[in-house]
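Proteins get letters first, then strands, A, B, ... in listed order; numbering begins at 1 in each. Keep in mind the model is a prediction, meaning the values are calculated, not measured.
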Amino acid sequence: MSELLQVTNITAGYGDGPAILDGAHLTVEPGKVHCIIGPNGAGKSTLMKAICGMLTIRKGDVIFKGKRLNGMRPDQILREGICFVPQERALFPKMTVRENLRMGGFILNDQKELERRIDGILERFPILRERADQHAGTMSGGQQQTLAMARTLIIKPAIVMLDEPSLGLAPKVIQEMFDIMKMMSAEGVTVLLVEQNALMGLKNSDWGVVLDLGRTLFEGPAEMILSDPRIQELYLGGKKAA
Amino acid sequence: MAEILQILILGLALGGVIALMGSGLSLVFGVMRIVNLAHPSLIIAGAYITYWAFKLLGVDPIVMLPVASVIMAAIGVLLYRLMLERQTKSAKYSEMTVLLTFALAMVVEGALGGLFTNTQRIVSPDYATDAFFIGDLFIPKGQLYAGIVSLTIIVGLTLFLKYSRLGYAIRATTQNREAAELLGVNVNFISVLAFAIGIGLAGAAGSLVSFVFSFFPAKHGEWIAMLMSVVVLGGMGSILGTVVAALFLSVIAAFVGAWIGATWSTLTFFVALFLILLVRPQGLFGEKPEMA
């Protein structure tokens, strides 16, 4: 397997507090959708924060394209090509949609190229084009999530990490988010997803990772996880995958 | 009618200066969530720089303004690095920064008092005691110039925040620090920059204040309440709100001073602060505070 990102037995936590992750590992293949599942408090979001440099890694390694990311700041990791959308979508509520997209390309130095890419995004997402001059904070939850996901594409990242993109959205809108995610994947962007709705997350993914109590219990093809009776019982609410 | 117009003109001219005094405080709060209680004492430090440049070298206060701004901005960088940077990861960040900036205000007051005594000072260029006359109305040149320069600086600051790349980064950090960091903004650098600009604005305000108000080291105690009322009414972190609130409260204070008595004029700001916190704590342009 030609991994793009390799997380090896990392330990991490908040400040000087106890370790939330202790022995978490992860292998990310290029161009695929990876879904991390696990109960509340398993460390799913913490794992993403550790990868993107928001938390200090106490032990273990995060290797991206052969380069060790431990100790790098979030802005440095972003420049390497890893983009993170946290649960709360991380928008700037008093900036317009266009300004939010411009912030998405903050690390780009060529301003003409940035404007060209913004126009490209607005072309692909008509709802954002219609609301280009509207403040992000005044849009619906689904529109905000669309903006947060579309914004990641400005810098053409290698990996996009999405932390519960479906949180607080209506079922119809949730499917739209997964469709955007699939579109990203089809374009060659590797997606790493944390999803509370584990069943839906796995159904829309190629690869699954089961995390519990801060450590990785299982990694494998999403279909295999969906059909594993033990995992169904423990982490998928006992539901059989349809 | 002429009297009302006269009071309005005086109130607006002073409001412009007060807006500049408050804008640095508001910017620093917006980006860094620091209620900089030392801000007025740093304005007074800027006023002293201007005072001595005028007294010893005859430099005009308005000419001295950029120099005082740069000196104070450099002091701002030092203060941030030595005092505030290490607090950024503290669980008691807000409490610590309030205490530290309060202590800084006391230190600055003590140092200025020790160096220059508590004698009241004012810079007196020719225009500070001159006025334009339009019919029955008079416009003091000093207040007019200070007001115009203040509003020009604020417009410049607003354009910088609205259109420049660094301005985008500052606004983004103000609205969502974590999101800004995730999009590649070096928020530590932006914090230093915003603090330096904030203290630079204190220096600029000090230059203008030096010929509009008399000042002495302990004066900051009165000014912090005035500036807090302006910043709170405007909405903590909103530069536009600070300007609107400064102009509004200054005009009210001017009317109170003219019709009720000069000693009641300053009280306008204190009463306003009290009422705003009771009725609309988020101010005019601020976000509603989350309920516990």
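Under a cutoff of 6.0 Å and an axis angle of 45°, B/Arg171 and B/Tyr168 form a cation-pi pair.
Between B/Lys162 and A/Glu99 there is a salt bridge, since at least one side-chain N of the basic residue sits less than 4.0 Å from a carboxylate O of the acidic one. Salt-bridge annotation for A/Glu187 and A/Arg124: present, with a side-chain N of the basic residue lying under 4.0 Å from a carboxylate O of the acidic one. With respect to the salt-bridge test (charged N to carboxylate O, under 4.0 angstrom), the residues A/Arg102 and A/Glu115 qualify. With respect to the salt-bridge test (charged N to carboxylate O, under 4.0 angstrom), the residues A/Asp22 and A/Arg58 do not qualify.
If you measure heavy-atom distances from A/Leu114 to chain B, you find no contacts under 4.5 Å at all. With a 4.5 angstrom heavy-atom cutoff, A/Ile155 does not touch chain B via any of its atoms. With a 4.5 Å cut-off on non-hydrogen atoms, A/Asn109 touches chain B through its side chain but not through its backbone. Interface residue A/Gln111: only side-chain heavy atoms are found under 4.5 Å from chain B. Proximity to chain A involves both the backbone and the side chain of B/Glu181, based on heavy atoms less than 4.5 angstrom apart.
Your options are A/Glu88, A/Arg79, A/Met54, and the one with the most heavy-atom pairs under 4.5 Å with chain B is A/Met54.
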